[in-house]
Undergrad: 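Next up is a structure, given as structure tokens.
Only a predicted model underlies this, so the values are computations on that prediction, with no experimental measurement involved.
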Amino acid sequence: MRNRAAPPGRAPEKGHFFAELARKKPLGMVGLIILVAVLFIAIFADVIAPSPMVDGVLQTSILNKLQSPSAEHLLGTDNLGRDVLSYLIYGARTSAILGICCTLLSVAISVLIGTLSAVIGGWFDLLIQRIVDAFQCIPSMLILLILMNMLGSGLPQLIFAMSVPGGITGSRMMRSAAISVKDSGYVKSAALLGGGTMWKTFRHVIPNILPLIITNAASSLGGVILMEASLNFLGYGVDPGTPSWGYMITNQGKANMFVMPMLAVYPGLCIAIMVFGATMFGDAVRDLLDPRLKGGVGTYNSKKLMKIAAKMSVKYHYEDPCAL
């Protein structure tokens, strides 16, 4: 009996991404839930926080400083009398803004530089890669400290300082993927039909390396949160009035370590949980979207390749010769 193939132009039906994520990568689903919860808290911080901000500032009370947890202050107060739970909730907003903005800007820079360098080639590719080599020779923390000294403290400055160097150094991976796509037949055909550099880049190259772009973005979230906490610990970060988990560890937890150590434990736990969620979700997305890891034709698993070859041989053995 003749086997029915899928209609031309229609991809084989696959399970829903989130269902596949929950079934194959439960830790990845847990990470996604954590990220969604942090995003929800960041968006509705003014409603959730017991002590909302007034004119962009949390209310302080010197008479209530360094209080233990109570019914009024569930996690106690800091050295300025601010509610610790409210500070942590608004700190989630800072971390969410940093994570989203830095990830999007960094990935956009790396994709633009890497794909254009691969598609244009020649002297342009040589020049760009030598600049990337120069950035990779300098420690990333040193570049961040130099940029923060030049730009000053603040959330926009922090986003710029963390995104641009990361995007430049991350362009090498995008260039490698774009080179393999650039040499494909359909890209060469587009060039023969008069397609320019931008047309080939945005119409053919970038859509075909989209799984790599997504996995790179998901995997970089955790690094952004850790880098922000490290910069705050070194004294370069957000403004003092902006709630931040890293700033709380540096300026309140460290100073009151023996009086109220929970001022360092609470934000440290928040950072650890968010980095865990971002890392687990990024690894799961990479495993599900990378064809070499999910069992596609690019996999290095020889047993899976043998099974695919066996199925294809059985299919063509029973195929009707008249249909060829």
Undergrad: Does L88 offer a backbone N or O that forms a donor-acceptor pair with the side chain of W245 under 3.5 Å?
TA: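 Yes: the side chain of W245 pairs with the backbone of L88.
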Undergrad: Can V132 be reached from L126 by stepping across I, L, V, M, F, W or Y side chains whose heavy atoms are under 4.5 Å apart?
TA: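 Different clusters.
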Undergrad: Can you give me the closest heavy-atom contact between I249 and A264, atom names plus distance?
TA: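 Closest approach of I249 to A264: CG1-O, 4.0 Å.
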Undergrad: What closest approach, in Å, do M274 and S95 show between heavy atoms, and which atom pair accounts for it?
TA: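 Looks like SD-CB, 4.0 Å.
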Undergrad: What's the separation between atom CZ in F44 and atom CG in L39, rounded to the nearest 0.5 Å?
TA: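 The CG atom of L39 is 9.0 Å from CZ of F44, to the nearest 0.5 Å.
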Undergrad: When rounded to the nearest 0.5 angstrom, what distance separates CZ in R130 from CG in D125?
TA: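 Reported value, rounded in 0.5 Å steps: 8.0 Å.
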Undergrad: So, the side chain of S171 versus the backbone of I168: is there a donor-acceptor pair under 3.5 Å, distance only?
TA: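 Checked: pair present.
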Undergrad: Could you grab the distance from atom CG of L32 to atom NZ of K25, nearest 0.5 Å is fine?
TA: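 One finds 15.0 Å between CG of L32 and NZ of K25.
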Undergrad: So which atom in I159 and which in C102 form the shortest heavy-atom distance, rounded to 0.1 Å?
TA: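 Answer, listing the atom of I159 first, then C102: CA-SG, 3.7 Å.
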Undergrad: Yes or no on side chain to side chain contact (heavy atoms under 4.5 Å, CB included) for R93 and I41, after CA distance, side-chain angles and deciding distance?
TA: CA-CA 7 Å; R93 174 177 290 180; I41 292 172; over 6 Å; no
Undergrad: If Ile, Leu, Val, Met, Phe, Trp and Tyr residues are connected whenever their side-chain heavy atoms lie under 4.5 Å apart, and connections chain through other members, are V38 and V47 in the same group?
TA: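 No; V47 is not reachable from V38 via cluster members.
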Undergrad: List the steps and the verdict of side chain to side chain contact (heavy atoms under 4.5 Å, CB included) for L21 and F281.
TA: CA-CA 9 Å; L21 179 66; F281 178 66; 4.2 Å; yes
Undergrad: Which heavy atom of S51 sits nearest to which heavy atom of D83, and what is that distance?
TA: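 Minimum heavy-atom contact is OG-CB, 3.8 Å.
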Undergrad: Could I get the full list of side chain to side chain donor-acceptor pair (under 3.5 Å) partners for R172, not counting sequence neighbours?
TA: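 Testing R172 for side chain to side chain donor-acceptor pair (under 3.5 Å), a comparison that skips the adjacent residues, returns Q129, D133.
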Undergrad: Quick check for you: to the nearest 0.5 Å, what is the distance between W123 atom CH2 and I128 atom CD1?
TA: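 These two atoms lie 8.5 Å from each other.
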Undergrad: Do the non-hydrogen side-chain atoms of M248 and V84 ever get within less than 4.5 Å of each other?
TA: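 The answer is yes; the side chains approach within 4.5 Å.
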Undergrad: Pick from D78, L75, T77: which one makes a side chain to side chain contact (heavy atoms under 4.5 Å, CB included) with L263?
TA: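 Single pass found, and it is D78.
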Undergrad: For the pair T169 (side chain) and G166 (backbone), establish whether a donor and an acceptor sit closer than 3.5 Å, ignoring hydrogens and angles.
TA: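 Confirmed, T169 side chain pairs with G166 backbone.
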Undergrad: Let's go through L98 and M227 carefully: what are the C-alpha distance in whole Å and the side-chain angles of both, what is the deciding distance for side chain to side chain contact (heavy atoms under 4.5 Å, CB included) to 0.1 Å, and is it a yes or a no?
TA: CA-CA 10 Å; L98 274 174; M227 192 64 70; over 6 Å; no
Undergrad: Has T94 got a side-chain atom pairing as donor or acceptor with P243's backbone, closer than 3.5 angstrom?
TA: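 Checked: pair present.
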Undergrad: Heavy-atom count check: over 12 atoms from other residues, nucleotides or ligands less than 6.0 Å from M262 CE?
TA: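 Check passes, neighbour count above 12.
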Undergrad: Rounded to the nearest 0.5 Å, how far does CD1 of I146 lie from CG of L142?
TA: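 So the CG of L142 and the CD1 of I146 are separated by 4.0 Å.
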Undergrad: Does the side chain to side chain contact (heavy atoms under 4.5 Å, CB included) test come out yes or no for M162 and L231, once each step is laid out?
TA: CA-CA 10 Å; M162 294 174 64; L231 285 175; 4.3 Å; yes
Undergrad: I need the M29 CE to E20 CD distance, nearest 0.5 Å.
TA: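 These two atoms lie 10.5 Å from each other.
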Undergrad: Could you tell me which residues satisfy side chain to side chain contact (heavy atoms under 4.5 Å, CB included) with L112, sequence neighbours excluded, listed by chain and number?
TA: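 Per chain and number, L112 pairs via side chain to side chain contact (heavy atoms under 4.5 Å, CB included) with L116, F202.
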Undergrad: Sequence neighbours left out, what passes side chain to side chain donor-acceptor pair (under 3.5 Å) with Y247? Give chain and number order.
TA: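 Listed in chain order: nothing, the list is empty.
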Undergrad: For a quick test of reading the model, state the closest non-hydrogen atom pair linking P50 to L85 and the distance between them.
TA: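 So the minimum-distance heavy-atom pair works out to CG-CD2, 3.8 Å.
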Undergrad: For G114 and M174, which heavy atoms make the closest approach, and how far apart are they?
TA: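 The answer is CA-CB, 4.3 Å.
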